[in-house]
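Just below is one structure, and these are the notes that go with it.
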Amino acid sequence: MNSTFDIVAVGEILVDFVSREAEDGKKLLLEGNPGGAPANVLAAASKLGRSTALIGKVGQDGFGPFLIREIEIAGVDTQGVVTDPKHPTTLAMVTLDATGNRSFGFYRSQTADVMLCPEDLDLELIEKGRIFHFGSVTLAAEPARSATFAAARHAKSKGIPVSYDPNLRPPLWENMKEARQVIAEGMSLADIAKVSDEELFFLAGDGDLEERSLALAAQYGLKLLVVTRGPRGCLCVRGGEVWTAPTFDTPCVDTTGAGDAFWGATLSQLLELAKTPEELSGEEILSLMDFSNAAGSLATTRKGAIPAMPDRAAIQNCVATVPYLELDKRENA
């Protein structure tokens with residue numbers, strides 16, 4: 001199969017609004033950045049030299065053209081992005097605490113990305129990718145749920161490796177029982193996946209970190225599972241083997257998009273190595289984890305997601321010169 005793109009993704013594209021109080025304390029100021037987890041992953045990979053394309057839907061409003069323009073500037077092909085004249089673009093409200101950690105609220109009822117239909121999918125575009133990627137935000141409601149699953153199943157039927165990030169956003173779901181069932185269905189379609197430690201708990205329950213990670217990877221037959229742990233770095237499972245790696249000591253301003261930067265870097269490195277996960281040596285996996293941890297760390301040093309994606313030189317410099325973050329109670333230290 002002749003691939004035109006390294007990574008093709010389906011999913012949400014939206015505006016992340018971060019609010020802050022004006023100096024007089026009498027008004028809130030909003031700063032909008034392009035976002036949406038799949039778009040962020042593609043932008044991160046594009047910054048590292050990968051060819052990427054997005055399938056999604058935006059509104060025919062002031063936000064839709066802005067998003068298309070900005071992700072094109074980020075290097076992402078938008079031929080698969082549909083403009084919806086009837087439904088507005090999705091908006092996310094991001095609240096940052098004093099340490100830069102974020103929480104989300106969404107304006108997403110009957111918005112454009114929710115209304116992505118199976119008929120909107122460019123199946124030929126999916127077939128042109130070396131990797132297909134999707135997340136769980138577009139699984140939270142119909143018709144986007146059916147469209148997202150249809151896209152992933154089509155990729156799998158064509159033998160294209162499927163990447164999945166079950167980025168759990170509780171406010172988007174009617175109830176957590178449904179969320180677990182639907183997100184788990186996404187896991188069953190994946191070949192490689194990234195979960196946060198919170199998402200690991202959500203899917204696999206409480207208990208020993210390594211045991212739960214191994215069990216989750218085995219349950220879904222994943223060729224590679226990575227668990228991101230914020231300031232504690234990450235854990236990687238391949239077969240019955242586990243590797244852990246600390247992250248880097250960079251100043252944290254905004255964690256929005258850090259996991260997407262991490263995963264975009266991971267997919268980029270897998271493509272560069274041109275090996276299946278089973279073929280990777282332990283040394284290559286540890287090097288990949290350092291590269292991805294550096295990408296995620298650097299993404300937290302600037303506000304926004306797509307605007308904060310680091311380039312290869314910055315990542316390599318981070319790996320070479322920035323010390324690991326030391327935590328008093330870091331597990332697996």
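Scope of the values below: all heavy atoms of this structure, side chains included, with no hydrogens, waters or symmetry mates.
- Inspection of the W263 and S163 side chains reveals an N or O donor paired with an N or O acceptor under 3.5 Å.
- Contact detail for T301 and V253: the closest heavy-atom pair is O-CG2, 3.5 Å.
- At most 12 non-hydrogen atoms from other residues, nucleotides or ligands lie less than 6.0 angstrom from NZ of K223.
- Surrounding CD of E279 are more than 12 heavy atoms belonging to other residues, nucleotides or ligands, all under 6.0 Å away.
- Judged purely by atom type and a 3.5 angstrom limit, T78 has no side-chain atom pairing as donor or acceptor with the backbone of V81.
- Side-chain contact between L280 and L270: present, with at least one pair of heavy atoms (C-beta onward) separated by less than 4.5 Å.
- For CD of E23, the number of neighbouring non-hydrogen atoms (other residues, nucleotides, ligands) closer than 6.0 Å is 12 at most.
- The line from NZ of K128 to NZ of K158 is 13.5 Å long, rounded to the nearest 0.5 Å.
- Closest heavy-atom contact between V76 and A43: CG2-N, 3.8 Å.
- Hydrophobic clustering places L30 together with F66 (ILVMFWY residues linked when any side-chain heavy atoms are closer than 4.5 Å, directly or through intermediates).
- In this model, a donor atom of one side chain and an acceptor atom of the other lie less than 3.5 Å apart for T247 and S297.
- Listed by first and then second residue, the ring pair (Phe, Tyr, Trp, His ring centres under 6.0 Å) pairs that reach into residues 156-195 are F134-Y164, sequence neighbours excluded.
- Open room surrounds CD on E124; 12 or fewer heavy atoms of other groups in view lie less than 6.0 Å from it.
- For the residue pair Q60 / H87, no side-chain donor-acceptor distance below 3.5 Å is found, with atom types taken as modelled.
- By the side-chain contact (heavy atoms from CB on, under 4.5 Å) test, E174 is found to be paired with E178, residues two or more places apart in sequence or in another chain being considered.
- Applying the ring pair (Phe, Tyr, Trp, His ring centres under 6.0 Å) criterion to F132, with sequence neighbours excluded, gives no partner residue.
- Screening residues 194-236 for ring pair (Phe, Tyr, Trp, His ring centres under 6.0 Å) gives no qualifying pairs among residues at least two apart or on separate chains.
- M115 and F63 are members of different hydrophobic clusters when ILVMFWY side chains are connected at heavy-atom separations under 4.5 Å.
- Residues passing the salt bridge (charged side-chain N to carboxylate O under 4.0 Å, His left out) test with D6 are R50, R130, sequence neighbours excluded.
- Residues that satisfy the side-chain contact (heavy atoms from CB on, under 4.5 Å) test with R153, not counting sequence neighbours, are F149, E185, L189.
- Closest of all the heavy-atom pairs between L48 and P310 is CD2-O, 4.1 Å.
- One N or O on the side chain of E284 and one on the backbone of S281 form a donor-acceptor pair closer than 3.5 Å.
- Summarising the geometry of C318 relative to L298, their closest heavy-atom pair is CB-CD1, 4.0 Å, with the distance given to 0.1 Å.
- Side chain of N317 to main chain of A313: no donor-acceptor pair is present (N/O by atom type, distance under 3.5 Å, no hydrogens or angles).
- The minimum heavy-atom distance linking A140 with R145 is given by the pair O-NH2, 3.3 Å.
- Atom CE of M309 and atom CZ of R302 lie 10.5 Å apart (nearest 0.5 Å).
- The backbone N or O of E199 sits less than 3.5 Å from a side-chain atom of S196, completing a donor-acceptor pair.
- Across all non-hydrogen atoms, the minimal contact from I306 to A74 is CG2-CB, 3.9 Å.
- At least one side-chain heavy atom of L54 sits under 4.5 Å from a side-chain heavy atom of I71.
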